[in-house]
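This one's a predicted model, so the numbers in the text were calculated from it and none came from an experiment.
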Amino acid sequence: MAELAASSTNPAHGKVFEHPSSSAAASESSALALLREIGRGCWRRDSWTAASLVRLSFVFALATLCSWLGIVLSRQSEGVATIWLSNGLIFGLLITQPKRRWLAYFLAGLCADTLADMLYGDPFRLAFGVSLANFIEVVSSCLVLTLCFESPLDLSKRRSLVGFLLVAVLGATAITSALGAWWTLVLVPGPPWWQMFRTWYLGDMLGMAVLAPLVIMAQRPAFFSMFERKHLAHTLVVLTYSMLVTALVLMDSTDPLIFFMFPTFLLVAFRLGLPGTAVNIFLFTLMTIGFTIKGHGPLMLIAGEHMLLHRIVIAQVFAGVAIFTMFPVAALLEEKETLKNSLAASEARYRRLAYVDELTGLPNRRAFNLRLEDAWTDATADGKDLALLILDADLFKQYNDSVGHLGGDACLRSIAQVTASIVDAAQGFAARIGGEEFAVILPGATEPRAREVAEEIRQRVADLALAHPSSACGVQTVSLGVAVRVPLRDQAPIDLMKLADQALYSAKLTGRNQVVCG
C-alpha cells in the first residue's frame, strides 16, 4: 500500500472523481485485507523458515531485555518511567517484516513485557494488563502507518516521518499510557491518574521516538555505508565530537550550557544524514537521562529537594524537542541529496542521449565533431600526426532490402562492435556519423599505422560472413578512406574530413572492400 488506502483508486484506473462513500469502502476493504493477511498468514507453513524462527526467538529475548532495562531505570529514578525501549524495538522490527509474521511478533512482545514485569515481582494481572496496553500501542501504530503510508515504512521521506512522529510517537503512546495508568491504579493505589499518565507518556514516547527509527534504518544495507572503511573515520570523528560536547555539557552542573548541543546535532545531520542522526539522538538521550538520574548536568540548576521527577521530565522534553527538530531536518537533507543524485543521473542520461547513437551505442555525429575539434587542436599545438578513417558499408541499401530493416540494424551493430573493439585497442575514437557511415580518429598515428587499423577493420567485418546476395564477395563488406596529416594553423578539421572522404570515394569507385589512403 504505497499511499493512503482511500486514494488507492488513482488516475491509472481512469477515475477522475470518486464519491466519498466509494473511498470509505476502499479504505475499509484495505483494512480488512490487511487484518486477514495478518490473521491467516501467521498459520501458513511457508510464512516461517528456520531463519525466521531464530529471528523471532532473538526478538523475544531482546524485547525481554529492553523491558527489564526499562524497569531497572524506573526503579533507579524513584519510580519515574524515564525511557521505555521495548515498544520502539518491537515496532521497528515488526514494521519491516512481512505482514504474515506480524501476529507472532505481537505475541512475542506481549509475552516479553509480561515476563519482565513478573521477574520484578509484579503480579500476573498487573503485568499482563500493562503489557496488553503496550501491545495495543505497537498494533495500532503498525496498522495505521501501513494503511496510510507505503510499506515498508520509509522514514527518509518527510511525509512518512511526520506520520510516524504523529501516529506512533504522539498518538499511540498516549493511548498506551492512559490505559496502563488506569489499569495500574485499578489494582494498586497510587498517585493521581494524570500524574502517572504524564510520567509514563513521556518515557514511552521517548523510547518509541529514539529506538524505532534506529531499528528500522539499521535493517537496511544503506545504514551501514557510513561504517564502511572509506567512511568509518569520518563517521567516528563526527559522532565522537558530538558525544564529547554532550558529555562536557552534562558534566557541568553550574551553568545552563545545554544549548551548545544543537550545533552538534546540526553537524551530525549535515555530515551523516538521517542514519547518523538516529544514532546520535539515541546516544544523546541515554547520556542525558543517565547523567540527570546520577545528579549531573544543567538540569541540576532546578533547585529544591525531591526534584528528580521534575528534572527527568525536563530532560525528556528536551530530548523530545531534539527528536522532533532534528529528524525532520535530517529527512529534508536526505530528500535533497536523493533529489540531487536523481538530477545528476537524469543529466547523465540525457547527456548520453545527446552524444550517443541509440542504435549502435557508439558516439554520434555531435560527439564526433567535438572530439575531432579537440584532437585537431592538440595535434596543431604538438605538431603531431592526426589520422582520420571514414568507413562505409558496401551496397548497404541492397543488403537492407534483402534482409529487412531489423537485419540491417543488426548488421550496423555488428560493424560498430568490430570497429569499437579494434579502435579501443588502438587508443582511438570511433563514432557513427551517418546512416551506414562510421569514422575513426587516431591521434598521433602515422599513415602506415592508420592503414593497418583500417585493414584490420575491413578484414574483421568480412570475417563476420554476413550473407549479402548483391555483393561480389557474397558477404557484407566495408570500404575505408584514410587521411593522415600534421595540422597546419591555416587549416581546419573539415580539410582532413574532405581528404578522408575523397579517399573513401576512391575506394568505392575502384571496387569496394578495400582501404585507400588520401
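Heavy atoms only, all atoms of each residue included: Leu206 and Gly320 are closest at CD1-N, 4.0 Å. Pairing each heavy atom of Val279 with each of Met226, the nearest pair is CG2-CE, 3.9 Å. Heavy atoms only, all atoms of each residue included: Tyr399 and Ala467 are closest at CE1-O, 3.2 Å. Shown here for Ala168 and Leu145, the closest heavy-atom pair between the two residues is CB-CD1, 4.2 Å. Looking at every heavy atom in both residues, Ala393 comes nearest to Ile415 through CB-CD1, 4.1 Å. Minimum heavy-atom separation, Leu153 to Ser160: CD1-CB, 4.0 Å.
Judged by distance alone, the side chain of Asp378 and the main-chain N or O of Ala375 form no donor-acceptor pair under 3.5 Å. A side-chain donor-acceptor contact under 3.5 Å links Glu334 to the backbone of Leu274. With hydrogens and angles ignored, the 3.5 Å screen pairs a side-chain donor or acceptor of Ser140 with a backbone N or O of Glu137. Remark: side-chain polar atoms of Thr360 are not paired, donor with acceptor, to backbone N or O of Arg413 under 3.5 angstrom. When atom types are taken as modelled, the side chain of Arg366 and the backbone of Ala354 share a donor-acceptor pair closer than 3.5 angstrom. With Ser141 contributing its side chain and Val138 its backbone, the two residues share no donor-acceptor pair below 3.5 Å. Side-chain N or O atoms of Ser421 include one that pairs as donor or acceptor with a backbone N or O of Gln417 at under 3.5 Å.
Within the 4.5 Å cutoff, the side chain of Tyr355 has no heavy atoms near those of the Arg371 side chain. Counting heavy atoms from C-beta outward, Asn280 and Leu239 have side chains that approach closer than 4.5 Å. Here the side chains of Val268 and Met326 are not in contact, with every heavy-atom distance at 4.5 Å or above. Residues Val486 and Asp385 have side chains in contact (heavy-atom distance under 4.5 Å, counting atoms from C-beta outward). By the 4.5 Å heavy-atom criterion applied to side chains, His468 and Thr477 are not counted as neighbours. Between Arg432 and Leu412, some side-chain heavy-atom pair lies under the 4.5 Å cut-off.
Within 6.0 Å of atom CZ in Phe262, more than 12 heavy atoms from other residues, nucleotides or ligands are found, so the atom counts as buried in its surroundings. The number of heavy atoms from other shown groups lying within 6.0 Å of CD (Glu228) is above 12.
Salt bridge annotation for Lys397-Asp401: present, with a cationic side-chain nitrogen under 4.0 angstrom from a carboxylate oxygen.
Shown are Phe324, Phe149, Phe91; of these, the ring-ring contact (aromatic ring centres under 6.0 Å, His included) with Phe164 is made only by Phe91. None of Arg512, Lys508, Gln514 except one satisfies the side chain to side chain donor-acceptor pair (under 3.5 Å) rule with Asp394; the exception is Lys508. Screening Arg158, Lys157, Arg159 for a side chain to side chain donor-acceptor pair (under 3.5 Å) with Glu335, the sole residue that qualifies is Arg158. Across Val484, Leu386, Asp501, Ile441, a single residue satisfies side-chain contact (heavy atoms from CB on, under 4.5 Å) together with Leu496, and that is Leu386.
A donor-acceptor contact closer than 3.5 angstrom is absent between the side chains of Asn369 and Glu373.
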Quiz item: Hey, mind stepping through Thr146 and Trp102 against side chain to side chain contact (heavy atoms under 4.5 Å, CB included) and telling me if it holds?
Solution: CA-CA 12 Å; Thr146 299; Trp102 279 17; 3.1 Å; yes
